[in-house]
Novice: 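Encoded as structure tokens, here's the structure I'll be asking about.
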Amino acid sequence: MRRQAYTGRRKQFRSLLIFLVITTILLGLLIHMDRAIRPNLCAVCQSETKRYASALLAYTISDVLKNNNIQNNDFTQIFYDSNGSVTAVETNAVQVNALQATLLSAVQTRLDNCRDAMLNFSLGTATDV
């Protein structure tokens, strides 16, 4: 009777030990993979985010300039002398500031609207394979 109880506990202990060893090995592998992949993954995410933000910025600026029909001569005034030579170029600061405010508002609105944007890249890029 004692022998059966002892072998039953022994099997339970062996099963528990095997489970703990396998769990420890898997956890170690997971931590090792995380440490290997995380720096590359962070770099790729940062690069993709910058690329996305740059494209968004360029698209927004182009869209605002096109929709407001803005020309170069809206921001400067050129002065000529009697011979037709350029003597001075003045900047219209009010127009420049108004455009800057419009662009800033439009860019901020677009950035706020894309908070949950999905950026796709291959796993090979992140793992350096």
Side-chain angles (χ1 to χ4, degrees):
M1 181 82 153
R2 283 185 157 192
R3 198 173 190 98
Q4 288 178 343
Y6 179 70
T7 56
R9 283 189 218 140
R10 192 181 208 183
K11 286 181 181 179
Q12 286 178 347
F13 179 72
R14 188 180 296 148
S15 297
L16 180 63
L17 186 62
I18 290 171
F19 173 75
L20 289 176
V21 167
I22 290 173
T23 304
T24 304
I25 290 171
L26 288 175
L27 186 61
L29 286 173
L30 184 66
I31 290 171
H32 176 70
M33 285 178 54
D34 181 58
R35 287 185 180 166
I37 292 175
R38 186 175 300 264
N40 289 340
L41 187 62
C42 287
V44 169
C45 288
Q46 186 177 19
S47 173
E48 287 295 314
T49 303
K50 284 182 181 178
R51 184 188 61 76
Y52 182 80
S54 295
L56 186 85
L57 184 66
Y59 176 75
T60 303
I61 290 172
S62 172
D63 196 35
V64 166
L65 292 177
K66 185 171 44 172
N67 288 342
N68 292 337
N69 198 19
I70 296 174
Q71 303 296 323
N72 286 339
N73 56 3
D74 294 340
F75 302 107
T76 58
Q77 186 174 4
I78 301 174
F79 295 99
Y80 300 96
D81 63 5
S82 58
N83 296 334
S85 300
V86 176
T87 57
V89 177
E90 248 181 46
T91 304
N92 187 347
V94 174
Q95 281 292 103
V96 171
N97 290 338
L99 176 63
Q100 184 179 10
T102 303
L103 287 173
L104 184 61
S105 174
V107 167
Q108 191 61 45
T109 301
R110 289 248 169 97
L111 284 174
D112 286 342
N113 291 339
C114 72
R115 284 206 185 272
D116 297 326
M118 298 291 291
L119 301 176
N120 299 320
F121 55 87
S122 68
L123 186 58
T125 303
T127 58
D128 235 3
V129 175

Novice: Between Asn113 (side chain) and Thr109 (backbone), is there a donor-acceptor pair under 3.5 Å?
Specialist: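 Side chain of Asn113 to backbone of Thr109, a donor-acceptor pair under 3.5 Å: yes, one is there.
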Novice: Does the pair Thr91 and Val96 meet the rule for a side-chain contact (heavy atoms from CB on, under 4.5 Å), with working shown?
Specialist: CA-CA 8 Å; Thr91 304; Val96 171; 3.9 Å; yes
Novice: Return yes when atom OH of Tyr80 has more than 12 non-hydrogen atoms of other residues, nucleotides or ligands closer than 6.0 Å, and no otherwise.
Specialist: no
Novice: Less than 4.5 Å apart, any side-chain heavy atom of Ile25 and any of Val21?
Specialist: yes
Novice: Report yes if some heavy atom in the side chain of Arg110 is under 4.5 Å from a heavy atom in the side chain of Asp63; otherwise report no.
Specialist: yes
Novice: Verify, without hydrogens or angle tests, whether Ser105 (side chain) and Ala101 (backbone) share a donor-acceptor contact under 3.5 angstrom.
Specialist: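 It does not hold such a pair.
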Novice: Using 0.5 Å steps for rounding, measure from the CG atom of Asn40 to the SG atom of Cys45.
Specialist: 10.5 Å
Novice: Would you give the length of the straight line joining atom CZ of Arg10 to atom OG of Ser15, rounded to the nearest 0.5 angstrom?
Specialist: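 The OG atom of Ser15 is 12.5 Å from CZ of Arg10, to the nearest 0.5 Å.
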Novice: Treat each ILVMFWY residue as a node, draw an edge where side-chain heavy atoms are under 4.5 Å apart, and state whether Tyr59 and Leu99 are in one component.
Specialist: no
Novice: Between OG1 of Thr23 and CG of Leu30, what distance do you get to the nearest 0.5 Å?
Specialist: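 Between Thr23 OG1 and Leu30 CG, I get 12.0 Å after rounding to 0.5 Å.
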Novice: How long is the straight-line distance from CG of Asp34 back to CG of Leu29, given to the nearest 0.5 Å?
Specialist: 12.5 Å
Novice: Would you compute the distance between atom CZ of Arg51 and atom OG of Ser47 and round it to the nearest 0.5 angstrom?
Specialist: 8.0 Å
Novice: Can you tell me how far CG of Leu27 sits from CG of Leu20, rounded to the nearest 0.5 angstrom?
Specialist: 11.5 Å
Novice: Taking C-beta and beyond as the side chain, do Leu56 and Leu111 meet within less than 4.5 Å on heavy atoms?
Specialist: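 Yes. Closest side-chain heavy atoms under 4.5 Å.
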Novice: Hey, quick one: are Leu104 and Leu57 part of the same hydrophobic cluster, counting side-chain heavy atoms closer than 4.5 Å, chains of contacts allowed?
Specialist: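 No, because Leu104 and Leu57 fall into different hydrophobic clusters, even though each may have its own neighbours under 4.5 Å.
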Novice: Any side-chain to backbone donor/acceptor pair from Thr76 onto Glu90? Under 3.5 Å, distance only.
Specialist: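 No, Thr76 side chain to Glu90 backbone: no donor-acceptor pair under 3.5 Å.
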Novice: Is it the case that the side chain of Asp81 and the backbone of Asn83 share a donor-acceptor pair, with hydrogens and angles ignored and the cut-off at 3.5 Å?
Specialist: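 The answer is yes, because a donor-acceptor pair under 3.5 Å joins these two groups.
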Novice: Flag the pair Tyr52 / Lys50 as yes when at least one side-chain heavy-atom distance between them is below 4.5 Å, and no otherwise.
Specialist: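 No, side chains not in contact.
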